[in-house]
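Computed over heavy atoms, backbone and side chain alike; hydrogens, waters and symmetry mates excluded. Indexing begins at 1, ligand by ligand and atom by atom, following the structure's order.
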Amino acid sequence: MKTGHDVLELSAVLPVVVVDDAADAVPLAKALVAGGIRAIELTLRTPAGLAAIERVATEVPDIVVGAGTVVTPEQARQAADAGSAFLVTPGCTDRLLEAVSSTGLPFLPGVSTVSEAMRAAEHGITALKFFPAEASGGVAYLKALAGPLPGLRFCPTGGISPENAPKYLALSTVGCVGGSWLTPADAVTAGDFGRIEQLAREAAALR
Ligand SMILES: O=C(O)C(=O)C[C@H](O)[C@H](O)COP(=O)(O)O
């Protein structure tokens, strides 16, 4: 993988995952693989995030692991050192863009406005996360963006569900969608990886 466009092609659905215990990440990633999902975005929302990335990167070779919720330059460097194959940020500042770029990893910076998308494009970044997708205008907003900015492609995330995902995936400007619905917190806490495998199987069949 070289650029964010390669990240968009990994999987129709990119699971956005929060773990409180890094040990849960390995069986969780294996359940996703068993359900047909080959990419995972492990967020840095919890202190377990970095260790979870490290463990999945070494113990689950069948899945491509990236870091999500990268909001500081230091996190970008730590996520790269932990073995992330890509980085995802909820928004982008100049400092953060510079830090994620300097890791050499492919990345998807988050945008939610026309000007943010144009600013990213000025930096040559044309694969973006659209966040928070539903709250920012959803499918209609993305369709409207494609008029003036036809060269951009997106991973809409935030409020995506099995019900609305097909509408996003039908857009030519959408490479994949992101969402947390495949790995519900109660299933992770209960160690119900069978349920996660089933949710992954249904998500993998969405496109
Ligand atoms: O943590 C980040 O970096 C984010 O940008 C937020 C997540 O992508 C969304 O919270 C996922 O959205 P849901 O699928 O609606 O739960």
Side-chain angles (χ1 to χ4, degrees), residues 4 7-8 10-20 22 24-25 28 32 35 37 39-50 52-53 56 64-80 82 84-93 95-97 99-100 103 105-113 116-117 120 125 127-139 141-142 153-169 174-189 195-196 199-200 202-204 206-207:
V7 178
L8 295 179
L10 287 173
S11 173
V13 178
L14 180 60
V16 178
V17 178
V18 179
V19 291
D20 289 318
D24 288 335
L28 182 154
L32 292 172
I37 298 280
I40 181 172
E41 177 188 326
L42 276 161
T43 69
L44 303 184
R45 287 185 186 204
T46 58
L50 282 174
I53 290 167
V56 173
V64 181
V65 57
T69 327
V70 177
V71 295
T72 67
E74 189 189 12
Q75 284 178 324
R77 289 186 286 274
Q78 289 171 332
S84 304
F86 62 92
L87 306 175
V88 184
T89 75
C92 59
T93 65
R95 239 161 60 90
L96 188 57
L97 267 189
V100 291
T103 65
L105 294 172
F107 60 92
L108 298 176
V111 300
S112 66
T113 70
E116 287 168 2
I125 302 159
L128 303 162
K129 169 171 172 163
F130 175 47
F131 175 78
E134 279 290 288
S136 304
V139 167
Y141 193 95
L142 278 180
R153 293 195 88 221
F154 297 92
C155 171
T157 308
I160 311 295
S161 65
E163 288 72 38
N164 63 18
K167 286 201 175 110
Y168 283 95
L169 291 169
V174 169
C176 66
V177 296
S180 63
W181 84 87
L182 291 77
T183 55
D186 58 338
V188 179
T189 308
R195 182 163 157 227
I196 290 171
L199 288 164
E202 287 160 16
L206 284 174
R207 185 173 62 189

Quick check: [X] and ligand 1, any N/O pair under 3.5 Å apart?
{"X": "Glu41", "result": "no"}
{"X": "Lys129", "result": "yes"}
{"X": "Trp181", "result": "no"}
{"X": "Gly159", "result": "yes"}

Can you sort out which atoms of ligand 1 are near [X], meaning under 4.0 Å from one of its heavy atoms?
{"X": "Gly158", "answer": "12 (O), 15 (O)"}
{"X": "Gly179", "answer": "14 (O)"}
{"X": "Ser180", "answer": "13 (P), 14 (O), 16 (O)"}
{"X": "Thr157", "answer": "8 (O), 11 (C)"}

Gap separating the OG atom of Ser11 from the CZ atom of Arg207, nearest 0.5 angstrom: 8.5 Å
Let me confirm one number: the CZ-CG distance from Phe107 to Leu128, rounded to the nearest 0.5 Å. 9.0 Å
Non-hydrogen side-chain atoms of Ile40 and Ile37 separated by less than 4.5 Å: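 Heavy-atom side-chain distance check fails, nothing below 4.5 Å.
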Taking C-beta and beyond as the side chain, do Pro156 and Leu142 meet within less than 4.5 Å on heavy atoms? yes
Heavy atom under 4.0 Å from ligand 1: found in Arg45's side chain, backbone, both, or neither? side chain
For atom 2 (C) of ligand 1, the protein heavy atom that lies nearest, with its residue and separation: Thr69 OG1, 3.2 Å
Return the orientation label for the Phe154 and Phe130 ring planes: parallel under 30°, perpendicular over 60°, tilted otherwise. perpendicular
Donor-acceptor contact below 3.5 Å, side chain Thr89 vs main chain Val70: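 Checking the backbone N and O of Val70 against the side chain of Thr89, no donor-acceptor pair under 3.5 Å is found.
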Would Leu44 and Ile53 count as a side-chain contact (heavy atoms from CB on, under 4.5 Å) here? Give the steps. CA-CA 9 Å; Leu44 303 184; Ile53 290 167; 3.8 Å; yes
